[in-house]
Engineer: 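Sharing a structure with you now.
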Amino acid sequence: MNHIQQIVIGVSLLFALPVMGQQIVTLQKCYDLVLVNYPLAKQTLLLQQQNQLDIEVINNKKLPQVSLDAQATYQSDVIEVPIPNASMEALNKDQYRATLSVNQLIYNGGATHASLYLKEAQLKTKEKQVEVSLYQLKKQVNQLYFSILLSQENSLLLNSKKALIESKLSEVKSGIKNGALLPASDKVLETELLKINQQFIEVNHNKMALLQTLSSLISKSLDASTVFQIPLIDNPSNSTINRPELEFFQYKKEEIEQSESLLSKKRAPKLMGFATGGYGNPGLNMLDNSFQTFYTVGVKLNWNVFDWNTNKKQRQSLVINKDMVDTETEIFKLNTNIELQQQQQTINKIEAFIISDKAIIELRKSVLKAADSQLKNGIITSSAYITELTNLYEDENRLIQHKILLQLTKANYNIIQGQ
């Protein structure tokens, strides 16, 4: 194992050691938190509360409906009986009446139950819509999580480079002291260390911005000491799409079917019982010019026999809506499959890049090893050595980027497929 590898492994192990009280975050944990803590998640409970109120309103229609009416009128004329010499008292032109009416639904063709089933179907559709919206946040979580991982890995790589340069700076200063190297050779290495410190500032600043955004999204406190685990993501062997959108489309169809059922039942006759009690002047006996109590009871049938095919056309419109939902489902599946194919092509490309990156890095290490020997012997300057070291760093950084990007692409593939 060469000197560079020892330093890289040593720094990696140092950062891998658990710190007391250090927070460890996984990708799955972020998924779980955003589904629970994102403000939109509260809508599910609100929808359930609203649906319960709607159901109570519908059920109330089964109960007796009570109404109270009162009126006082004055009319310009009243009924008179044209009987000569009759002692019948004429009716008052001012009349008063107060009634209490009770109506009880007896039969409406099952429209009440159909309304309840429709409300249940509408609730499922709305809840699934919320789930779909929350599910789409997973891609945003992916982007933030893997960007933070990239910053985390860049920090480790910068530490490795810094440790290597500091070690080389010590050797160069010793060479200058012994007269083996030019006096200014150490200045180049010290300059490079200052540049690395600048890179640390940029990486840490970007990471903090990403942490703040992810923290807001999942409603969990995250700081610079938080460790994000690198997930090892495998893509499923089957190509079955299991997205919540498909269930949403199915629920929309079920809602339409329940609407059809309700419309068909609205055509049924409605039978109601009623009772009215009252007190007024005159009462039911119009010839009795005094305050009287009275009541009526009975049943009433209502049936809209002919509605100019309005109900039929409404149901035909709902059938068209179902066909439109089927079309939306087909379009969604087509676009999802296209997106999956594109993601798979990207995965294949990145995997090829990674193989090439590893080969390039091995060559760069050989070149740097030679440059290290030449620097010790005074054959090349520190600037030439830094050039080769930077080339190796950039290639190692590119490999890290490709590895993180590969995991991000795989994670997005799973989200697109619905795994």
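We number each residue from 1, following the sequence as shown. All heavy atoms count here, side chains included; hydrogens, waters and symmetry mates do not.
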Engineer: Excluding sequence neighbours, so at least two apart, what forms ring-ring contact (aromatic ring centres under 6.0 Å, His included) with Y74?
Structural biologist: none

Engineer: Under a 4.0 Å threshold between the charged nitrogen and the carboxylate oxygen, would E247 count as salt-bridged to K128?
Structural biologist: yes

Engineer: Please say whether the positively charged group of K138, taken as NZ for Lys or CZ for Arg, lies over the ring of Y31, i.e. under 6.0 angstrom from the six-membered ring centre and within 45 degrees of the axis.
Structural biologist: yes

Engineer: Would you say the side-chain atoms of S170 pair up with the backbone N or O of E166, donor to acceptor, closer than 3.5 Å?
Structural biologist: no

Engineer: Can any side-chain N or O of Q65 pair as donor or acceptor with the backbone N or O of V102 at less than 3.5 Å?
Structural biologist: no

Engineer: How about E127 and Q43: does a side-chain donor come under 3.5 Å of a side-chain acceptor?
Structural biologist: no

Engineer: Rounded at 0.5 Å granularity, tell me how far OG in S147 sits from CD in Q143.
Structural biologist: 4.5 Å

Engineer: Taking N391 for the side chain and T387 for the main chain, is one N or O donor matched with an acceptor at less than 3.5 Å?
Structural biologist: yes

Engineer: Whether the N348 and Q344 side chains hold a donor-acceptor pair (N or O, under 3.5 Å, no angle test) is what I'd like checked.
Structural biologist: yes

Engineer: Under a 4.5 Å cut-off applied to non-hydrogen side-chain atoms, are P282 and F294 in contact?
Structural biologist: no

Engineer: For the side chain of S155 and the backbone of S151, is there at least one donor-acceptor N/O pair under 3.5 Å apart?
Structural biologist: yes

Engineer: Minimum heavy-atom separation for E120 to N51, with atom names?
Structural biologist: N-OD1, 4.4 Å

Engineer: For the side chain of Q75 and the backbone of D77, is there at least one donor-acceptor N/O pair under 3.5 Å apart?
Structural biologist: yes

Engineer: Does atom NZ (K270) have a neighbourhood of more than 12 heavy atoms from anything else shown, all under 6.0 Å?
Structural biologist: yes

Engineer: With heavy-atom distances below 4.5 Å as the criterion, would you say the side chains of K220 and K29 are in contact?
Structural biologist: yes

Engineer: Go through the steps to decide whether K173 and E190 satisfy the test side chain to side chain contact (heavy atoms under 4.5 Å, CB included), and finish with yes or no.
Structural biologist: CA-CA 11 Å; K173 284 184 176 180; E190 289 175 351; 3.5 Å; yes

Engineer: Closer than 4.0 angstrom, basic N to acidic O: yes or no for R398 and D395?
Structural biologist: yes

Engineer: Side chains of Q28 and D32: do they bring a donor and an acceptor to under 3.5 Å?
Structural biologist: yes

Engineer: Is the NZ or CZ atom of K161 both under 6.0 Å from the centre of the six-membered ring of Y393 and within 45° of that ring's axis?
Structural biologist: yes

Engineer: Would you check if the side chain of S366 reaches a backbone N or O of E362 as a donor-acceptor pair within less than 3.5 Å?
Structural biologist: yes

Engineer: Between E255 and K119, is the salt bridge (charged side-chain N to carboxylate O under 4.0 Å, His left out) condition met? List the steps.
Structural biologist: CA-CA 8 Å; E255 181 182 337; K119 282 297 176 183; over 6 Å; no

Engineer: How long is the straight-line distance from CD1 of I355 back to CG of L399, given to the nearest 0.5 Å?
Structural biologist: 11.5 Å

Engineer: In terms of heavy-atom contacts, does OH of Y117 have more than 12 from other residues, nucleotides or ligands at under 6.0 Å?
Structural biologist: no

Engineer: Roughly how far, to the nearest 0.5 Å, is CD of Q419 from CD1 of I416?
Structural biologist: 12.0 Å

Engineer: Are side-chain N/O atoms of Q95 and T73 paired as donor and acceptor at under 3.5 Å?
Structural biologist: no

Engineer: Applying salt bridge (charged side-chain N to carboxylate O under 4.0 Å, His left out) to D357 and K403, what does each step give before you reach the verdict?
Structural biologist: CA-CA 10 Å; D357 287 338; K403 285 182 175 180; over 6 Å; no

Engineer: Using salt bridge (charged side-chain N to carboxylate O under 4.0 Å, His left out), reason through R243 and E339 one step at a time and then give a plain yes or no.
Structural biologist: CA-CA 13 Å; R243 290 275 291 274; E339 198 171 357; 5.4 Å; no

Engineer: Could you measure the distance from the CG atom of D186 to the CD atom of E171? Nearest 0.5 Å is fine.
Structural biologist: 13.5 Å

Engineer: Hey, is the main chain of Y251 close enough, under 3.5 Å, to the side chain of T125 for a donor-acceptor pair?
Structural biologist: yes

Engineer: For the atom pair CD (Q50) and CG (L45), what is the distance rounded to the nearest 0.5 Å?
Structural biologist: 11.5 Å

Engineer: Going through the distances and angles, do R364 and E396 end up as a salt bridge (charged side-chain N to carboxylate O under 4.0 Å, His left out)?
Structural biologist: CA-CA 10 Å; R364 290 290 188 194; E396 287 180 333; over 6 Å; no

Engineer: Parallel, tilted or perpendicular, judged at 30° and 60°: which one describes the rings of F291 and Y96?
Structural biologist: parallel

Engineer: Regarding D326 and K253, does a basic nitrogen lie under 4.0 Å from an acidic carboxylate oxygen?
Structural biologist: yes

Engineer: Would V299 and F274 count as a side chain to side chain contact (heavy atoms under 4.5 Å, CB included) here? Give the steps.
Structural biologist: CA-CA 6 Å; V299 291; F274 65 89; 5.6 Å; no

Engineer: What is the distance from atom CG of N309 to atom CD of Q316, rounded to the nearest 0.5 Å?
Structural biologist: 8.0 Å

Engineer: Any side-chain to backbone donor/acceptor pair from S133 onto Q129? Under 3.5 Å, distance only.
Structural biologist: yes

Engineer: Looking at D223, is its backbone amide N or carbonyl O close enough to the side chain of T226 to form a donor-acceptor pair, meaning the two atoms are under 3.5 Å apart?
Structural biologist: yes

